[in-house]
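Taking it in order: structure first as C-alpha cells, then the write-up.
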Amino acid sequence: MSAQTPAPAAKTSKRTLTEVVTGLLRNRILNGEFPPGTQMNEVELAASFEVSRGPLREAMQRLVQEGLLVSYPRHGVFVPTLTREDLEDIFVARQAIEREALRRVTARGVSAGLVADLEVIVARMKDAAGGADQSALAALDLAFHRRLVSGAGSTRLDRLYGLISNEMQLCFRLIVDSYSDRSELPAEHEQLLHVIASGDKFAALALLDRHFAEVGELQAATSGKPHKHHLRPQPHHHQDPLGHEQIFHEHADGYRHGDDHKAPPQPREQP
C-alpha cells in the first residue's frame, strides 16, 4: 500500500498574520522595548517577525490609528513622544467617557457582577501596592476604570475607551514610578467602589472628579522635567476631536503626525 500523501499545512491567512504582527508589535511598544522616538525599521522588524513587509506595514498602520505609532510622510514611522499636554488631553477624554459611563451605571442600577469584579480588582490592587513593581498597580488602576466603563452597557462608550486605552498605557509608563508614592491608591478605589455600589450618582461623580484631580496633580509633578521616558513639555498649537484617525499628535520636538513641512524627531536605534 502506498503511503498517503500528507495534507498540506494550513496557511495563516494574511489577515490573521497581520493581527499577530500587530499584537506582537503593540506589546513591544507598550512594554518599553521601543522607547519614545524610536524609528520603526521595516527590514529589521520583518526579519525579526519572519514575515514579509506587507503584513508589517498593515500592522504599523493599525498602530498609527491606535496612537501607538506616528507617521511622518517621506521620513518614516516612529514611537510617539508624549508631552505633558498630551497626557492632559488623554485624561480629559478619559474623564469625559468615565463620567458618562458612571451616570449610566447608576441610572440603570449597579449590577452585582460589576461590584464583584471591581472588588476583585481592588483586592489585587492592595496586594500590588506593597510590591516593588508599580507597573502591576498601574495596570490594575486602568483595569478598574475599564471595567467601570464596560459596566455602562454602551458599546460606543466602550469602543471610545478602547481607542484611547493604549495611549493610556503609554501614559502610565511615563508616570509609573510615581505610583510608589501613592500608597492610598487602593483605598481611593475601594471608596469609589463603595459609592458606586450604593448607587449614589452625585457622590460617585464627585469622588471620580476628585480622583482625576489627584491624577492631574501627579501628572504635573511627574512631567515638569525630562526623565528616563523622555517626557518633555511643549505647548500645543491645535485642538482635535477625539478619534485617532483624525488626531495630529504634537510631540516634544514640535512635530505633528501628517506634518510633512517639518523633519521628524531624530530616530533612536531599535533595541
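Residue numbers start at 1 and run along the sequence shown.
Between L170 and L30 there is a side-chain heavy-atom pair separated by less than 4.5 Å. For the pair R99 and F212, the minimum side-chain heavy-atom distance is 4.5 Å or more. With contacts defined as side-chain heavy-atom distances shorter than 4.5 Å, the pair Q39/H75 does not qualify.
Paired with K201 under the rule side chain to side chain contact (heavy atoms under 4.5 Å, CB included), one option of L102, T106, V105 passes, and it is T106. Applying salt bridge (charged side-chain N to carboxylate O under 4.0 Å, His left out) to K126 and the options E190, E119, E184 leaves one that passes, E190. Of the listed residues (E33, E19, E66), just one forms a salt bridge (charged side-chain N to carboxylate O under 4.0 Å, His left out) with R26, and that residue is E66.
Annotation: the span from H211 atom NE2 to E188 atom CD amounts to 6.5 Å, rounded to 0.5 Å. A distance of 8.0 Å separates CD1 of I196 from CG of L207, quoted to the nearest 0.5 Å. We find the CG-CE distance between L118 and M125 to be 11.0 Å, quoted to the nearest 0.5 Å. Put simply, CG on L25 and CZ on F49 are 5.0 Å apart, with the number rounded to the nearest 0.5 Å. Distance CD1/I97 to CG/L148: 11.5 Å, rounded to 0.5 Å. Here the straight-line distance linking atom CZ of R57 with atom CG of L45 works out to 12.0 Å at 0.5 Å rounding.
By the side chain to side chain donor-acceptor pair (under 3.5 Å) test, S150 is found to be paired with R147, residues two or more places apart in sequence or in another chain being considered.
Between I90 and M168, the shortest heavy-atom contact is CG2-CG, 3.9 Å. Nearest approach of P186 to A129, heavy atoms of both residues: CG-CB, 3.8 Å. P35 and T38 make their closest contact through O-OG1, 2.7 Å (heavy atoms, listed as atom of the first residue, atom of the second, distance). The minimum heavy-atom distance linking F91 with C171 is given by the pair CE1-CB, 4.1 Å. Across V115 and A197, no two heavy atoms sit closer than the pair CG2-CB, 4.0 Å. Taking each heavy atom of V149 and A101 in turn, the nearest pair found is CA-CB, 3.8 Å.
We find that E100 and R104 are joined by a salt bridge, their nearest charged nitrogen and carboxylate oxygen being less than 4.0 Å apart.
A donor-acceptor pair under 3.5 Å is absent between the side-chain atoms of D158 and the main chain of T155, judged by distance alone. R28 places no side-chain N or O within donor-acceptor distance of the main-chain N or O of F34, the cut-off being under 3.5 Å. Formation of a donor-acceptor pair under 3.5 Å by the E167 side chain with backbone atoms of D86 is not found in this model. Not a single donor-acceptor pair under 3.5 Å links the side chain of D141 to the backbone N or O of L137.
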Might you work through the side chain to side chain contact (heavy atoms under 4.5 Å, CB included) test for V79 and L69, ending with a clear yes or no? CA-CA 5 Å; V79 178; L69 290 174; 4.0 Å; yes
After noting the C-alpha distance and the side-chain angles of T83 and E88, does the key distance pass the side chain to side chain contact (heavy atoms under 4.5 Å, CB included) rule? CA-CA 9 Å; T83 69; E88 291 172 353; over 6 Å; no
Is there a side chain to side chain contact (heavy atoms under 4.5 Å, CB included) between I121 and H189 once you walk through the steps? CA-CA 9 Å; I121 296 173; H189 284 77; over 6 Å; no
Evaluate the side chain to side chain contact (heavy atoms under 4.5 Å, CB included) criterion for residues L208 and Q95: first the C-alpha distance (whole Å), next the side-chain angles of each, then the deciding distance (0.1 Å), finally the verdict. CA-CA 8 Å; L208 183 67; Q95 184 176 8; 5.6 Å; no
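When the shell of 6.0 Å around CZ of R146 is examined, it contains more than 12 heavy atoms from other residues, nucleotides or ligands.
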